[in-house]
Amino acid sequence: SWSHSSTPELKPTSSPTTQEYNPKPYATAKMSSDLVVERLENPLIPPFTEYSGKTSYFGGNTPLSKAVGYVVVLGFGALFSIFTTAIVYIDKKFKGNANMTSEHFNTAGRMIKTGLTASVIVSQWTWAATLLQSSNVAWQYGVSGPFWYASGATIQVLLFGVLAISLKKVAPSAHTVCEIVRARWGKTAHLTFLFFAFCANIIVTSMLLLGGAATVEALTGVDYRLASFLIPWGVILYTSAGGLKATFIASYLHTVIIFAVLVTMILVVYIKTYSSDQIYTFLDWTVSYTPEECSQIYSTNPLNYTGAEGESFFDPNTYACGPVPNNNQGSYLTMLSGDGLMFGIINIVGNFGTVFVDQSYWQSAIAARPSSAAKGYLLGGICWFAIPFSLATSLGLASTALMLPITAGEAGAGLVPPAVADHLLGDAGAVLVLIMLFMAIVSTGSAESIAVSSLVAYDIYREYFNPEATGEQILKCSRIVIVVFGLFMGAFSILLAEIGLNLGWVYLFMGIMIGSAVIPLWNLMTWDKASGKGAVIAAWSGLVLALTGWLVGAKIESGSVTVATLGSNPVMLSGNLIAILSSGFIHYVYSKFIDCEVYDFSKLNENIQLVEHDMSGLTAEEQNPDELRRAYRWITRRGYVLTFVLIIFWPLLSIPAGVFTQGYFAFWVLVSICWGFGATIVITLLPLVESQADIGQDLSGLWNYIRCKKGDAADYAEEEEEVAKEAPEPVKEAEAEAEPDEEAPAKNEE
């Protein structure tokens, strides 16, 4: 058997290189079975005989037992619930904030610092799709997949920093985005965007549970329906207990674990087991196989292949073997990929919806300090880029390079990372990916839960049922909603799976459903002429046009409307583009030429009421107009520049390369490794450094509490100073006389 602990070397006698096996001789109609047999007989290079005759990687066999699945899903959920709740309790007890108000529950006191803000953004934006779908597009399109996934979903976070500062300037008292809509545009617009906000939360949570449940079932055998119900419980417990602050603390812990596993996988693929040169060679081999050779590799007996009917189960639409359609020279090693670019555009449009329309991102902006909001979003976006880019560049590309028998169905369900991790590290790899995935699910799930609870509590319960609601009533409502939403999403994800929708399908669909709300919400915060009536018309018209174009596109392209035809890239692309572009055009025209009223932003915050008089983060010092103006200028310049670099400048630089050379690919891999390590260091250490005083205060308070004392170290220092000042003069003189006596033995010894 192949020992994964040693790095295989491509020796001429045992592991033929691409120079020895020139593609020309076997790129003909004649099947060169000797080449396939020779490679199969070498245990260090793909394809591997251990997968001979396997029609899929998992094939109903799970690398881990059900017990492991239950331990991770239930055990980790309970552990994090207890740990996070304990931290929130300690923080409240030793900082004089013993009472949990509804304001603090839903805004975390509006005092979150830069490092924790960045960590929370990374955590919220790291979905199950981030870990799973990014490797799926690497399996499909090659190097362009991870890049377009990462860049196409980073720019939204960078640009949302502009909205975060705008919010601090014009609506610092807000709790939800829909509250701001109500304050500026009225009831009709409020109900409209409340619908789109709920759609965003439901779609994101659906993807979490679809990807998570499928992976848990593939790795452990726990039924996906049961997993869909069990996964939310860990989130429900600590989110309902500690609110947004608990979510932020848990998000930091989850992010650290995710980055730790990320670094591990990068090291295993490109340093411990293989090198970039070897992965490059294997990727070259994968696309150089002819259909006959692919049929031999994916057959019941590839070592003694006869070509008899029924012996091969190869299907070019199911397995990664042979040239890649619509890629330059059919290579995985190029950014010139038609389908990759198409996915990138869909990714950009769809993710604008899931950032700008998702209440959880507005909630993070509300919770951040004004001075930290801009920097936190920028830093969070840059660090998050490393997760899909670095992870998929390692695990995603390794899946095709090693020619694992991963089917298109398994890839669509998000099973590429667990398959590669299991192949390279065995059970340990499967456990690491399972833990990493669980961290992503619960971190984003908790953010979505608190977001939905805020929308229901402030925008439905207080707005339409109980305008005089007290803080205690809103707090109770928020906690009930968190529990109900968790149970509802468990059932809803099962329904989607039964219909036949997987993670990849829902990911491409999200922009069609919520993309029409993006530009109106951007205009809400940045354009004084934005019309409320125009926003409502634009949002609904964009949705109707997008759904119509999507359905018609499937009918035109394939002649039928099914789940499969609706999920093709061109059809999804048309729906996504129609949603965002038509909505933006309609809103601009209506606001510019029909309803031309100019809005005074200075009045916006007057229409938003605090439930309790909790002014945390709302003092004059924190709302300094000059500081906010400088922060707005800072994030605007950097956000726009980085957006240009990621979606235009970088791709243009890679075009002249065509198909990557070995050296170019090595540099590409080096960038992904450095980015991954750099992001890990920053996102792990910065929150600790910024919060060291708070951590010290909590620890000293806990230590004194254990010793049956009250307060923290600072309180005792003040008490000792006061005692020293109040001490009578004779005592002080006696102490002064005693000091030389204590030093005398030391002098004698000298």
Under a 3.5 Å distance rule, please check whether [X] uses its side chain to pair with a backbone N or O of [Y] as donor and acceptor.
X	Y	answer
Ser135	Pro417	no
Asn136	Ala413	no
Gln156	Ile348	yes
Thr565	Ser560	yes
Asp595	Ser591	no
Thr393	Ser390	no
Ser493	Gly490	yes
Arg184	Ile180	no
Asn576	Leu508	yes
Asn569	Phe343	no

Heavy-atom distance under 4.5 Å between the side chains of [X] and [Y], does that happen here?
X	Y	result
Cys477	Val481	yes
Ile450	Ser453	yes
Lys555	Trp550	no
Thr192	Trp540	yes
Val143	Thr334	no
Val452	Gln359	no
Tyr640	Leu159	yes
Tyr332	Ser144	no

Which distance, rounded to the nearest 0.5 Å, do you find between the [atom1] of [X] and the [atom2] of [Y]?
X	Y	atom1	atom2	value
Phe193	Cys178	CZ	SG	9.0 Å
Ile683	Ile258	CD1	CD1	11.0 Å
Ile346	Leu573	CD1	CG	5.0 Å
Leu577	Ile580	CG	CD1	8.5 Å
Tyr149	Gln133	OH	CD	6.5 Å
Ile441	Leu437	CD1	CG	4.0 Å

Counting only heavy atoms from other residues, nucleotides and ligands, does the tally under 6.0 Å from [atom1] of [X] exceed 12?
X	atom1	value
Glu498	CD	yes
Phe585	CZ	no
Tyr461	OH	yes

Tell me whether the rings of Tyr599 and Phe601 are parallel (<30°), tilted (30 to 60°) or perpendicular (>60°).
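Ring orientation, 0 to 90° scale: perpendicular.
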With a 6.0 Å cut-off on the ring centroids, do [X] and [Y] count as close?
X	Y	result
Phe485	Phe198	no
Phe356	Trp362	no
Phe492	Phe488	yes
Trp522	Phe352	no

Residue among Thr444, Thr126, Val120 satisfying side chain to side chain contact (heavy atoms under 4.5 Å, CB included) with Ser251
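Of Thr444, Thr126, Val120, side chain to side chain contact (heavy atoms under 4.5 Å, CB included) with Ser251 is met by Val120 alone.
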Going by the side chain to side chain contact (heavy atoms under 4.5 Å, CB included) test, name the single residue among Thr154, Ile345, Ile155 that passes it with Ile647.
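For Ile647, the side chain to side chain contact (heavy atoms under 4.5 Å, CB included) check succeeds only for Ile155.
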Applying side-chain contact (heavy atoms from CB on, under 4.5 Å) to Tyr632 and Val162, what does each step give before you reach the verdict?
CA-CA 6 Å; Tyr632 184 82; Val162 177; 3.7 Å; yes
Residues 376-386 side chain polar contacts: donor-acceptor under 3.5 Å, at least two apart:
unit_1, atom_1, unit_2, atom_2, d
Tyr377, OH, Tyr361, O, 2.5
Tyr377, OH, Ala365, N, 3.1
Trp384, NE1, Trp125, O, 2.9

Looking at Arg462 and Glu179, is any side-chain nitrogen of the basic one under 4.0 Å from a carboxylate oxygen of the acidic one?
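A salt bridge links Glu179 with Arg462.
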Identify whether the distance between the nearest side-chain nitrogen and carboxylate oxygen of Arg182 and Glu463 falls below 4.0 Å.
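The answer is yes: the pair qualifies as a salt bridge.
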Taking only residues two or more places apart in sequence, or in another chain, which ones meet Phe147 in a ring-ring contact (aromatic ring centres under 6.0 Å, His included)?
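Listed in chain order: Trp650.
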Looking at residues at least two apart in the chain, or sitting in another chain, which of them share a ring-ring contact (aromatic ring centres under 6.0 Å, His included) with Tyr464?
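By the ring-ring contact (aromatic ring centres under 6.0 Å, His included) rule, Tyr464 matches His190.
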In terms of side-chain heavy atoms, does [X] have a donor or acceptor partner in [Y] at a distance below 3.5 Å?
X	Y	value
Gln363	Ser454	yes
Ser173	Asn605	yes
Asp358	Ser360	yes
Tyr507	Asn347	yes

Nearest heavy atoms of [X] and [Y], plus distance in Å:
X	Y	answer
Val416	Gly396	CG1-CA, 4.2 Å
Gln124	Ala447	CG-CB, 3.6 Å
Ser364	Ile121	CB-CD1, 4.0 Å
Ala174	Ile366	O-CG2, 3.3 Å
Ala153	Asn351	CB-ND2, 3.5 Å
Ala408	Trp139	CA-CH2, 3.6 Å

Could you go step by step and tell me if Leu167 and Met525 meet the side-chain contact (heavy atoms from CB on, under 4.5 Å) rule?
CA-CA 7 Å; Leu167 185 148; Met525 303 300 299; 4.0 Å; yes
Start with the C-alpha gap between Ile460 and Leu455, add the side-chain angles, then the distance that decides, and say whether side-chain contact (heavy atoms from CB on, under 4.5 Å) holds.
CA-CA 7 Å; Ile460 295 179; Leu455 288 172; over 6 Å; no
Is there a side-chain contact (heavy atoms from CB on, under 4.5 Å) between Val571 and Ser568? Walk through the geometry before answering.
CA-CA 6 Å; Val571 174; Ser568 70; 3.2 Å; yes
